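The block underneath contains the structure these notes are about, expressed in structure tokens.
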Amino acid sequence: INELGTRVAVAAALGLKPEALDGYWHRAAPLISRGHLIEISQPGTGKTTYAWYLSRVLGGTVINESPTPAYLVGDARDGSFGTVFTSNIVVFDEIDKWHGERLKGVYDVMLSGLENCVWGRSAGKGIQVTKCISAVFLGNTAPEEKSRQGVIKLLSQLLKVNAQPLVDRVAIISLDAPRFVADFVGDMLKPAVTRGLSELMTQDAHEMFEHYRTRTDARTAWNFAVIHTLLRWIKETEPTEDDVKAVYLML
């Protein structure tokens, strides 16, 4: 990092050239543990490639259909652990193609895990895993209203649940990304180096959380802390609180 600078390091952590980071900077969010991301953008932007990159480099798991509690957390019948136990990042890909009725049994599990790092059913009803991970939600259907409320409305329709609690837990939402071309691919950090960079960014986010926690509720403070850390690393300047709030409100 001292040699490359933080912007180049983050770009290399995502396998991108630094100049490509302007269009994809939001994809650095899951480098921060519990830095959740929703991207709903046009096809051809490299979302699935990005998902599998997270899987390969940062120990993530890609899920292409709505999961079950047993798949996420584990199955008490045979004592097996689920994907949360074995993964640092879970990528929910192609959420616009999910069948929302299957989410009824797992939605509360997801909400607790995303915010409190506790994945499991209510007490006495199976395996419970306590682990902080990042979650990424990817889809191709953009909302008509380009706002958080528009995203809530769209996801509520798609997933057949009230998506407000989910969206409230997510720091970064992107409704746009450039079409991915080979020229964007840059030098790639070794997985071990990327994991080390991830730990440093996570530490920075926790320090910023303490700063924002005196100003707002815990959930919003964490979202602001994630955004602040990303802006600091990628812009290589110290963002103001107004900058952070503007990014959050802009999605």
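Since this is a predicted model, take the numbers as computed values, not measurements. Counting begins at 1 with the first residue of the sequence.
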Quick one: do [X] and [Y] end up in the same hydrophobic cluster if we chain Ile, Leu, Val, Met, Phe, Trp and Tyr together by side-chain heavy atoms under 4.5 Å apart?
X    : Y    : answer
L175 : M250 : no
V118 : L111 : no
M188 : V185 : yes

Residue pair [X] / [Y], side-chain heavy-atom distance below 4.5 Å:
X    : Y    : result
N64  : F92  : no
I40  : D96  : no
K47  : S41  : yes
I234 : T6   : no
I172 : I38  : no
I95  : L158 : no
L114 : V170 : no
P30  : L54  : yes

Identify the two heavy atoms, one from [X] and one from [Y], that lie closest to each other, and give their separation to 0.1 Å.
X    : Y    : value
P67  : W98  : CD-CH2, 3.9 Å
G23  : P178 : O-CD, 3.4 Å
A177 : H26  : CB-CE1, 4.4 Å
P18  : V8   : CG-CG2, 4.0 Å
A225 : A205 : CB-O, 3.3 Å
R27  : T45  : NH2-O, 3.0 Å

For the pair [X] (side chain) and [Y] (backbone), establish whether a donor and an acceptor sit closer than 3.5 Å, ignoring hydrogens and angles.
X    : Y    : value
E39  : F137 : no
R56  : P191 : no
S112 : V109 : no
K146 : V151 : no
S134 : R34  : yes
D75  : A70  : no
T68  : Y71  : yes
D187 : K17  : no
D93  : I63  : no

Quick check on the 6.0 Å ring-centre criterion: do [X] and [Y] meet it?
X    : Y    : answer
Y24  : F184 : yes
H36  : W222 : no
W119 : F85  : no

Would D243 and R232 count as a salt bridge (charged side-chain N to carboxylate O under 4.0 Å, His left out) if you check the C-alpha gap in whole Å, the side-chain angles of each, and the deciding distance to 0.1 Å? CA-CA 11 Å; D243 293 334; R232 174 193 283 166; over 6 Å; no
Is the Lys NZ or Arg CZ of R148 less than 6.0 Å from the centre of Y248's six-membered ring, within 45° of the axis? yes
Full working for side-chain contact (heavy atoms from CB on, under 4.5 Å) between V91 and W52: CA-CA 9 Å; V91 183; W52 287 108; over 6 Å; no
[X] side, atom [atom1]; [Y] side, atom [atom2] - distance, nearest 0.5 Å:
X    : Y    : atom1 : atom2 : value
Q164 : R169 : CD    : CZ    : 10.5 Å
L72  : S87  : CG    : OG    : 9.5 Å
D168 : T220 : CG    : OG1   : 7.5 Å
M208 : L230 : CE    : CG    : 12.0 Å
T141 : E94  : OG1   : CD    : 10.0 Å
L31  : L14  : CG    : CG    : 5.5 Å

Carefully, step by step, assess I89 and I133 under the rule side-chain contact (heavy atoms from CB on, under 4.5 Å). CA-CA 5 Å; I89 299 172; I133 67 170; over 6 Å; no
Between R213 and E210, is the closest basic N to carboxylate O distance under 4.0 Å? no
So does R215 pair up with E241, basic N to acidic O under 4.0 Å? yes
Would you find more than 12 non-hydrogen atoms of other residues, nucleotides or ligands less than 6.0 Å from E238 atom CD? yes
Applying side-chain contact (heavy atoms from CB on, under 4.5 Å), run through L58 and N88 and close with a yes or a no. CA-CA 7 Å; L58 287 172; N88 296 317; 5.6 Å; no
State which residue, out of L16, V247, V10, fulfils the side-chain contact (heavy atoms from CB on, under 4.5 Å) condition with W25. V247
Among pairs that include at least one residue of residues 188-204, which meet side chain to side chain donor-acceptor pair (under 3.5 Å), considering only residues two or more places apart or in two chains? D204-W233
Look at the rings of Y212 and F224 and say which category their plane angle falls in: under 30° parallel, 30 to 60° tilted, over 60° perpendicular. perpendicular
Verdict with supporting geometry, S147 and E145, side chain to side chain donor-acceptor pair (under 3.5 Å): CA-CA 6 Å; S147 67; E145 180 186 340; 2.8 Å; yes
